[in-house]
Amino acid sequence: MIGAGHAGCEAALAAARLGIKTALLTMDLSQTGKLACNPSIGGPGKSQLVTEIDALGGEMARITDQTMINVRRLNTSKGRAMQVCRAQVDRYRYPATLKKVLEEQDNLYLIAAEVDALINKGSRVVGIRTTSGWELHSQAVIVTVGTFLNGAICYGKTSFPAGRAGEPPALGLTSSLRLLGLKMARFKTGTPPRVDGRSIDFAPLNRQETSAVPLGFSFTTPPRVLSKKFPVYLTETNEKTHSLIRDNLQESANYNGLITGKGPRYCPSIEAKIVKFPHRTSHKVFLEPEGAYSEEYYLQGLYTAFSHAIQVRIVNSIVGLERARITQFGYNIEYEFVDPTQLLPSLEVKEISHLFLAGQINGTTGYEEAAAQGLIAGINAARLISGKQPVVLSRAQAFIGVLLDDLVTKGVDEPYRILPSRAEYRITLREKNADLRLAEIGYQIGLLPESRYEQIQRKEAEIKNAVRTLQRIHISPGDKIDDLLSARRTTPLRQNGSSLYHLLQRPQLTLADLLPLCSLSLSPEVAEEVEIAVKYDGYLQQQTREIARLRRLEKMVIPVDFAWQDLASISHEGKERLTKVKPRSFGQATRIPGLSKADLSLLAIYLKR
């Protein structure tokens, strides 16, 4: 593994745990697992990735649970199925804890070295060469180098080579990837200023406490309530801030021509917010604590590439930050990435065997997206070496499947971030049922222990038994049930009564209301899944039918050596798009952007023949 960020760490642990002797190389071992941007894990879409990583036997959820200092449930105004967790983690304890796990893992060797080139024999990669000339030969290589490929930090009118602040870029490796024929392009990402907490006036700010209800990400650790010592604070920009930004746009590398790469749409700079949304009078800024032994606060929402002098004025224009002292200035970083349509769904490069890519190198942004790719790349590299078929998750199985399918089928024209709206089956793919969906796969791969798998099987059986019990028990009209229905302001029972299952489908009632009417005793996690199964029954049945259709399409497998150019009647544009992606199934072909229905119909006929 080249690179010890979130992708590299998950990849290395997965491969080593599957019995493959693994080397993890990085320029500086002290930066292993670094949280280079915001000190948080989870959120909509991202939380699902974290729990799926955990269900498959990955590490991110466990490290998060051990090091979080503030955790909250988001989307609480929506139904249970849409709610997710987001945690503030200790920026310093998180990487230290992860590094200790890596160091204690059998079959895994951490090496401080800068990789200068990949060694290949024809169309197969067989190892790496470092800048010192040392060669390390291997049966597979996974590249997880984040923003280090020909990276450059930019702010104001200043630009200089860097992979991250204080770290050099990977120039030789960039050239090596190009020499292998990989198509590459340039993206950018940004980070906001950090400020000294002792210089903040917290009195006028909105305080967001950690959850009073026990929460956690991993299915292997019990949820807990955290200390209230580390709240998140909320403030907002104002017209003074906006005027200052509008009047000084030429002092931002984002607007003076210094930066050419495209940035993430869903995490824009503060200057882009002001320019694109001139009608907005304010934008939220979250003050996120950096850690238990740090006074620094991360200004989430204030991503910028302004000169340092302007950054000071912007920060000091905001309520609560009038006297704030900046400890680290914000900046943007431009870097190169590889067009992910050149990858198989296993994350192996199509034209260069035994080479895998994972993380930001594939055009994504975010710790969770990187870790998910790293886990899959590590699993599949190990399986390739062991002579086994790759693990490929479908869109119907996991958010990880959505992420990978989007990358290899559709490609990217901006840094990719997972979103619930990208998942067609998001009601089925919930944060808290990831273990039920993926534990069998994790167990069969060899990453999930048998004891844990059996525990999840018992949980699944308990859920099914509870649902059957609710369907079986019927309640007739009477004082007890009528009083409950009246108190919840819902319609009284008719003469023939109703099952508890149908009663629970009423939005005014909860499972807790009905448990006294039956003999069920359920743990909180089982009760939540039972309630979702009943209340979302119609939606879940509809998605089950849609998933069955998707699986039929995916079963129409397309051979690896399929001669796309020989297809008769398909349009020239259609052949170009199919040749670029080389879909492995008809289902994947249906998701290629711009492929016409006529071309798909002809392809289906050809495959059936």
Side-chain angles (χ1 to χ4, degrees), residues 6 35 38-56 58-91 93-94 97-98 206-234 286-292 298 300 366-368 371-372 399 418 420 426-427 429-439 452 455-456 459 462-463 510-512 522-533 535:
H6 301 277
L35 298 164
N38 54 324
S40 67
I41 301 291
K46 292 174 175 287
S47 184
Q48 286 90 331
L49 291 180
V50 176
T51 55
E52 288 173 0
I53 290 167
D54 187 66
L56 290 168
E59 199 64 34
M60 177 174 264
R62 288 197 289 267
I63 302 297
T64 300
D65 286 352
Q66 290 179 59
T67 61
M68 61 186 182
I69 56 177
N70 184 301
V71 62
R72 299 175 65 234
R73 201 88 170 126
L74 305 184
N75 295 339
T76 52
S77 62
K78 299 181 180 180
R80 287 281 188 93
M82 297 295 103
Q83 295 177 21
V84 295
C85 287
R86 185 175 188 271
Q88 299 299 137
V89 296
D90 190 307
R91 182 185 294 282
R93 283 182 57 219
Y94 184 100
T97 306
L98 179 54
N206 180 24
R207 181 178 169 120
Q208 295 185 340
E209 301 284 4
T210 190
S211 172
V213 177
L215 294 176
F217 286 88
S218 177
F219 298 104
T220 64
T221 55
R224 58 196 177 100
V225 176
L226 302 177
S227 162
K228 293 186 177 182
K229 291 181 180 178
F230 306 104
V232 173
Y233 292 91
L234 175 63
F286 294 88
L287 280 65
E288 300 178 343
E290 293 271 271
Y298 179 94
Q300 170 72 17
Y367 308 140
E368 301 86 352
F399 266 72
I418 195 68
R426 54 188 171 275
I427 297 177
L429 309 179
R430 303 185 299 278
E431 176 197 78
K432 292 301 181 184
N433 75 343
D435 56 342
L436 302 174
R437 291 185 278 115
L438 300 175
R452 177 62 190 143
Q455 184 182 356
I456 294 167
K459 174 183 173 182
E462 192 176 348
I463 292 168
T510 67
L511 181 59
L522 306 175
S523 63
E525 60 268 22
V526 169
E528 182 174 359
E529 285 305 311
V530 170
E531 187 156 346
I532 289 172
K535 288 191 176 295

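Heavy atoms only: backbone and side chains are in, while hydrogens, waters and symmetry mates are out.
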**Message:** Run the ring-ring contact (aromatic ring centres under 6.0 Å, His included) test against Tyr233 and tell me which residues pass, sequence neighbours left out.
**Reply:** Phe202
**Item:** Qualifying residues under ring-ring contact (aromatic ring centres under 6.0 Å, His included), relative to Tyr367, sequence neighbours excluded
**Value:** His6
Report yes if some heavy atom in the side chain of [X] is under 4.5 Å from a heavy atom in the side chain of [Y]; otherwise report no.
{"X": "Leu49", "Y": "Met60", "result": "no"}
{"X": "Gln66", "Y": "Ile63", "result": "yes"}
{"X": "Arg452", "Y": "Phe219", "result": "yes"}
{"X": "Ile418", "Y": "Phe399", "result": "yes"}

**Asked** Which pairs with one or both residues in residues 206-223 pass salt bridge (Lys or Arg N to Asp or Glu O under 4.0 Å), sequence neighbours excluded?
**Response** Arg207-Glu209
**Asked** salt bridge (Lys or Arg N to Asp or Glu O under 4.0 Å): which pairs involve residues 80-90, sequence neighbours left out?
**Response**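 Matches after skipping sequence neighbours: Arg86-Glu288.
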Quick check: closest heavy atoms across [X] and [Y], and the distance to 0.1 Å?
{"X": "Leu74", "Y": "Pro44", "answer": "CD1-CD, 3.9 Å"}
{"X": "Ser218", "Y": "Asp54", "answer": "OG-OD1, 2.9 Å"}
{"X": "Asn70", "Y": "Gln208", "answer": "ND2-O, 3.5 Å"}
{"X": "Pro39", "Y": "Leu35", "answer": "CA-CD1, 4.5 Å"}
{"X": "Val89", "Y": "Ile41", "answer": "CG1-CG1, 4.1 Å"}
{"X": "Gln88", "Y": "Pro289", "answer": "NE2-O, 4.4 Å"}

Going by salt bridge (Lys or Arg N to Asp or Glu O under 4.0 Å), name the residues that satisfy it together with [X], two or more places apart in sequence or in a different chain.
{"X": "Glu462", "result": "none"}
{"X": "Glu431", "result": "Arg73"}
{"X": "Arg72", "result": "none"}
{"X": "Lys432", "result": "none"}

**Asked** Short question: side chain of Thr51, backbone of Gln48 - any donor-acceptor pair under 3.5 Å?
**Response**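 Pair found, side chain donor or acceptor close to backbone of Gln48.
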Mind checking side-chain hydrogen bond (donor to acceptor under 3.5 Å, both in side chains) for [X] and listing every partner two or more places apart, or none if nothing turns up?
{"X": "Thr510", "answer": "Asp513"}
{"X": "Glu59", "answer": "Arg17, Arg62"}
{"X": "Arg437", "answer": "Glu52, Asn433"}
{"X": "Tyr94", "answer": "none"}

Quick one: pull up [atom1] in [X] and [atom2] in [Y] and give me the separation to the nearest 0.5 Å.
{"X": "Ser523", "Y": "Glu528", "atom1": "OG", "atom2": "CD", "value": "10.0 Å"}
{"X": "Leu98", "Y": "Thr67", "atom1": "CG", "atom2": "OG1", "value": "9.5 Å"}
{"X": "Thr220", "Y": "Ile456", "atom1": "OG1", "atom2": "CD1", "value": "9.5 Å"}
{"X": "Asn38", "Y": "Gln300", "atom1": "CG", "atom2": "CD", "value": "5.0 Å"}
{"X": "Met68", "Y": "Cys85", "atom1": "CE", "atom2": "SG", "value": "7.5 Å"}

**Request:** Verify the distance criterion only: is there a donor paired with an acceptor across the side chains of Thr221 and Asp65 at less than 3.5 Å?
**Result:**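 There is such a pair between these side chains.
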**Prompt:** Quick one: which of Glu525, Gln455, Lys459 gives a side chain to side chain contact (heavy atoms under 4.5 Å, CB included) with Asp435?
**Reply:** Lys459
